[in-house]
Number of protein chains: 2
Amino acid sequence: MTKASDRAYSMIRAMILSGELVAGDPVREEALAERCGVSRTPVREALRRLEVDLMIRKTDSQRSFVADWSLDDVGDAFELRAMLEGHAAKRAARNMTDDVLKQLRSCNTAIEAAISGRKPDVATFLDRNREFHALVLKTAGSRRLTTLLTALIEQPVVWRTAHHYSPEAFRRSHSEHDDLLAAFGRRDGAWAETIMAGHIRRAFHAYSDAHLDMKAQERGAA
Amino acid sequence: MTKASDRAYSMIRAMILSGELVAGDPVREEALAERCGVSRTPVREALRRLEVDLMIRKTDSQRSFVADWSLDDVGDAFELRAMLEGHAAKRAARNMTDDVLKQLRSCNTAIEAAISGRKPDVATFLDRNREFHALVLKTAGSRRLTTLLTALIEQPVVWRTAHHYSPEAFRRSHSEHDDLLAAFGRRDGAWAETIMAGHIRRAFHAYSDAHLDMKAQERGAA
DNA sequence: CCATTCTGTATTGTATACAATTTGGGTGAG
DNA sequence: CTCACCCAAATTGTATACAATACAGAATGG
């Protein structure tokens, strides 16, 4: 991960996630190259990867822009995630081992700790949540499914709005993970699939509420 | 499509599809560059694209190999396609217009013509079949879904074995397209989804039969 | 006044040279 | 004989220069 192209990828991704690069903004290779302290070659590679992640959009003439996510777009992505992660959960249930189960439990315990205080530790929540889902995906044991889903998980807007989630939303998320653990413990693929699909759909609505709330606050501040 | 990187992409893809590059073979950038009459830069870009198509696999140290597809892998890919194309069909049914319907009908008529002779015109069949599915995908109207599916459709082994499909398999495929047209005509998303999912699953078994048959023939010839 | 073409400028695409890394094998010590 | 290490060759990663292309604004004709 010390390669220039990886550095460029991480840095540009961070710029988008942090909102430094705003959706719809044009993105010029040379400017980014200078900013990242590398040449255009690794920047081009990074942009290509970010395009697959759907964080960068290219026009017909190959000019790059920061992807703009309308609420419909996000809903669309969540719908696909619900389907694919549900599928992953079903497969994971079939392949589940006691060892993985233990790791998943540990993840969810960490999540519980992160959100139980008065001020939820959002960074830890996101981190452990990501780890939980990554573990399920890995256990599903399908390279192709992994490839498809990683493109969907990197959603800038989601990360920015997570800080506005309600305490209730965090608790729900944790509790649904517990349900998943129960399904996994019984190797019940169909159950796991249902829970996971619902989990993602609920996450969408949590996002949606937080997003609207955030927009309202912004409007109030302006 | 006149750009060097596109040429390189098409040429390398063709080499893999034709079996000129065998699964598991190491792939060196410079050799391909010379072969394609371009420099390494566009070849590198082409290889990255082929990697997301899952036709090229890279080791931890970034060396490229032609991806090997076990029957399980292919089955896995078809399972995902069934799910995603089913979803696409459901959405397409909702957005269907008379114009698109007409184009789809024309596609399927061409398919019928291609397979009704004694010797089926496999190239035309594959072409029109691809066009049919692409049209459905486009009508589904989800950029993300399109991105995900295009990575799955490019399956080298499938194309090579299509020539060994049974006449029955071709006829079934055509007839299922007709069913889809009926579902689209009535804007019945649920019906379209079911048919499409079944269509893809059947295609897998047609592939599977043809593949085994082909392997047997190879063994006999050797 | 509007549309259109032309032209300078900004931006991306490609080639090439060079740097960094990996690989494979040979050599010497144990 | 084996294992570890190190060096030479092969291969990928990066920088840079140049070529091709797209964009925007001015000039021109209707």
Side-chain angles (χ1 to χ4, degrees), chain A residues 1-16 20-68 143 147 150-151, chain B residues 1-16 20-68 143 146-147 150-151 154:
Chain A
M1 272 299 193
T2 171
K3 284 187 308 191
S5 67
D6 291 325
R7 264 211 319 278
Y9 174 80
S10 304
M11 289 181 72
I12 300 170
R13 182 172 170 279
M15 289 182 207
I16 298 176
E20 187 175 348
L21 290 177
V22 181
D25 276 4
V27 164
R28 293 186 316 292
E29 294 174 357
E30 196 160 0
L32 285 179
E34 196 175 353
R35 200 94 179 285
C36 299
V38 299
S39 83
R40 268 181 56 214
T41 311
V43 167
R44 284 174 66 80
E45 184 169 330
L47 285 178
R48 213 162 229 312
R49 286 166 62 185
L50 288 163
E51 194 190 356
V52 177
D53 291 347
L54 295 173
M55 294 175 85
I56 289 289
R57 181 187 114 246
K58 292 198 173 186
T59 67
D60 44 358
S61 63
Q62 295 301 96
R63 274 172 161 69
S64 304
F65 294 83
V66 179
D68 52 341
R143 286 209 322 273
T147 305
T150 44
Chain B
M1 274 296 195
T2 173
K3 284 187 308 194
S5 67
D6 291 326
R7 261 209 324 276
Y9 174 79
S10 305
M11 290 182 71
I12 299 171
R13 182 174 168 278
M15 288 181 209
I16 297 176
E20 190 175 346
L21 290 177
V22 181
D25 275 4
V27 164
R28 279 164 306 104
E29 293 173 359
E30 195 160 0
L32 284 179
E34 196 176 350
R35 200 96 180 286
C36 299
V38 299
S39 82
R40 269 180 55 212
T41 311
V43 167
R44 284 173 66 80
E45 185 169 327
L47 286 179
R48 285 196 297 264
R49 285 168 61 185
L50 288 164
E51 196 190 353
V52 313
D53 289 348
L54 294 174
M55 294 176 82
I56 289 289
R57 181 188 115 244
K58 292 198 173 184
T59 67
D60 42 0
S61 63
Q62 294 301 98
R63 273 170 162 70
S64 304
F65 294 82
V66 179
D68 50 342
R143 285 209 323 274
T146 304
T147 304
T150 43
E154 307 290 342

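Values in this document were obtained by computation on a predicted structure and should not be read as measured data. Lettering follows sequence order; numbering is per chain, from 1.
Summarising the geometry, the separation between CD on A:E29 and P on D:dC18 is reported as 19 Å, rounded to the nearest angstrom. B:L32 has its CG atom 16 Å from the P atom of C:dT14, to the nearest Å. Protein atom CD of A:Q62 is 8 Å distant from nucleotide atom C1' of C:dT12, rounded to whole Å. Between A:R57 atom CZ and C:dT12 atom C1' there is a gap of 16 Å when expressed in whole angstrom units. Note: CD (A:E30) to P (D:dA22) measures 19 Å, nearest angstrom. Regarding A:Y9, its OH atom lies at a distance of 17 Å from the P atom of D:dG13, rounded to whole Å. Atom CZ of B:R7 and atom P of C:dG13 are 15 Å apart (whole Å). Distance B:E34 CD to C:dT16 C1': 15 Å, rounded to the nearest Å.
For the atom pair A:I56 CD1 and A:I16 CD1, the distance stands at 4.0 Å (nearest 0.5 Å). Taken to the nearest 0.5 Å, the CE atom of A:M55 stands 10.0 Å off from the CD1 atom of A:I12. Rounded to the nearest 0.5 Å, atoms CZ (B:R63) and NZ (B:K58) are 11.5 Å apart.
Phosphate proximity of D:dA15 to A:R40: absent, as no side-chain N or O sits under 4.0 Å from OP1 or OP2. Distances shorter than 4.0 Å separate some side-chain N or O of A:S61 from OP1 or OP2 on D:dC23. For the pair A:T41 and D:dT16, the criterion of a side-chain N or O lying under 4.0 Å from OP1 or OP2 is not met.
Considering only side-chain atoms of B:R28, the nucleotide from C:dA15, D:dT12, D:dT11 that sits closest is D:dT11.
With salt bridges taken as basic N to acidic carboxylate O contacts below 4.0 Å, one links B:R49 and B:D6.
Within the nucleic acid shown, A:R63 comes within 4.0 Å of sugar-phosphate atoms alone, with no base atom in reach, counting heavy atoms only. Among the atoms of the strands shown, none is found under 4.0 Å from any heavy atom of A:V43.
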Show me, pair by pair, the donor-acceptor contacts under 3.5 angstrom made by side chains of residues 23-39 of chain A, not counting sequence neighbours?
unit_1 : atom_1 : unit_2 : atom_2 : d
A:D25  : OD2    : A:V22  : N      : 3.3
A:E29  : OE1    : A:R40  : NE     : 3.0
A:E29  : OE1    : A:R40  : NH2    : 3.1
A:E29  : OE1    : A:R44  : NH1    : 3.4
A:E29  : OE2    : A:R44  : NH1    : 3.0
A:R35  : NH2    : A:E20  : OE2    : 2.0
A:S39  : OG     : A:T41  : N      : 3.3

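Nucleotides of DNA chain D nearest to A:T59 and A:S39 differ in position, and the one nearer the 5' end is that of A:S39.
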